[in-house]
Amino acid sequence: MSYPLKTEHLSIPSTPDQLEVIDNVVEAMAADMGFDKDALADLGICVTEAVMNAIEHAHRDQPDLFIDLTIECYADRMKITVRDHGPGFDEDAVPDPTTPQNVLNLGGRGLMLMRAMMDEVEVRPHDDGTEISMVKKLVNSKK
Amino acid sequence: MKIESHEHGDAQVIYLKGKVMGGPESAEFQNLLKKAVADGKKKVVIDLGEVEWMNSSGIGLLVSAFTTVKNSGGELKIARTTEKIESLLVITKLNSVFETYPDVISAVASYK
């Protein structure tokens, strides 16, 4: 079992202007760890994806609800946990956005992108919402 | 994200720059596109050469733009996709929807 070398906890309101702030924090911490440019992009995409998911789907029209983020830097990986306080969602109910009938849907690609770009993604319910945790490995940053 | 727009002959070329993540500036892009369509533009090119990355909100913006232009009888094409954007289009299978070109000139020239 290993422990994080550095941990950052953030609570942000559910407003889109927070996306850039969160991206800046995550990419700066990841750059310090040695992630390459391509992996920094993956981390930026995925953390803004998870936060946007909380803003648009979990906390819809409730900007005062806070989203809690934990960013953990280990020697060999970064782990990001995004926790919302919404009604939760059924991942299996999201239609496959790559089928011909869905490919022009405006949304529904977030989790697919996270699973394609991160090494581990877990979606689980907690006491009053949903928690998404994702891991990007430093040694495998070209995934 | 930063947005610029220029006319290139009878085509409207919209340049996106930076990180396209669905922030407050998304409305600026949507308004620009609506204006181009309202002005009767049938040829719309989105230049992505200066885009670092885009998340699914950014991809949704592109899809929305594609549909808006198509529904008005026009055609939207994409110029200068980076390696990162190419991989996103492949993952989402939108590479089967969007016509992509190496530069704005060839995108504009491709209209019949």
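Here is the naming used below: chain letters follow the sequence lines, and residue numbers restart at 1 for every chain.
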If hydrophobic clusters are built by linking Ile, Leu, Val, Met, Phe, Trp and Tyr wherever their side-chain heavy atoms come under 4.5 Å apart, do A:Leu104 and B:Val44 end up in the same one? yes
ring-ring contact (aromatic ring centres under 6.0 Å, His included) filter on B:His6, not counting sequence neighbours, yields B:Tyr15
Heavy-atom contact with chain B under 4.5 Å, split by part of A:Leu19: both
Contacts of residues 78-86 of chain A with chain B (heavy atom under 4.5 Å): none
For B:Ile3, all residues meeting side-chain contact (heavy atoms from CB on, under 4.5 Å), sequence neighbours excluded: B:Met1, B:Ile14, B:Leu16, B:Glu28, B:Phe29, B:Leu32
Heavy-atom neighbours of B:Ile105 CD1 exceed 12 at 6.0 Å: no
With the threshold set at 4.0 Å, does a side-chain nitrogen-carboxylate oxygen contact exist between A:Lys136 and A:Asp42? yes
Measure distances from B:Leu88 to the heavy atoms of chain A and classify the residue's part below 4.5 Å as side chain, backbone, both or neither. side chain
Assert top hit (heavy-atom pairs under 4.5 Å, partner chain B, pool A:Thr99, A:Ile45, A:Val103, A:Leu40) equals A:Ile45
Inter-residue atom distance B:Leu61.CG - B:Met54.CE, 0.5 Å rounding: 8.0 Å
Can you confirm whether A:Leu113 sits close enough to B:Ile59 that some side-chain heavy atom of one is under 4.5 Å from a side-chain heavy atom of the other? yes
Between B:Asp10 and B:Lys42, does any side-chain N to carboxylate O distance fall below 4.0 Å? no
In terms of heavy-atom proximity below 4.5 Å to chain B, should A:Asn53 be classed as side chain, backbone, both, or neither? neither
Under a 4.5 Å heavy-atom cut-off, does chain A meet the side chain of B:Val97, its backbone, both or neither? side chain
N/O donor-acceptor pairs under 3.5 Å from side chains in residues 45-53 of chain B, not counting sequence neighbours:
residue	atom	partner	partner atom	Å
B:Asp47	OD1	B:Gly49	N	2.9
B:Asp47	OD1	B:Arg80	NE	3.3
B:Asp47	OD1	B:Arg80	NH2	3.2
B:Asp47	OD2	B:Arg80	NE	3.0
B:Glu50	OE2	B:Arg80	NH2	3.4
B:Trp53	NE1	A:Glu27	OE2	3.2

For each of A:Lys37, A:Arg109, A:Glu56, tally heavy-atom pairs with chain B at distances under 4.5 Å, and name the one with the top tally. A:Arg109
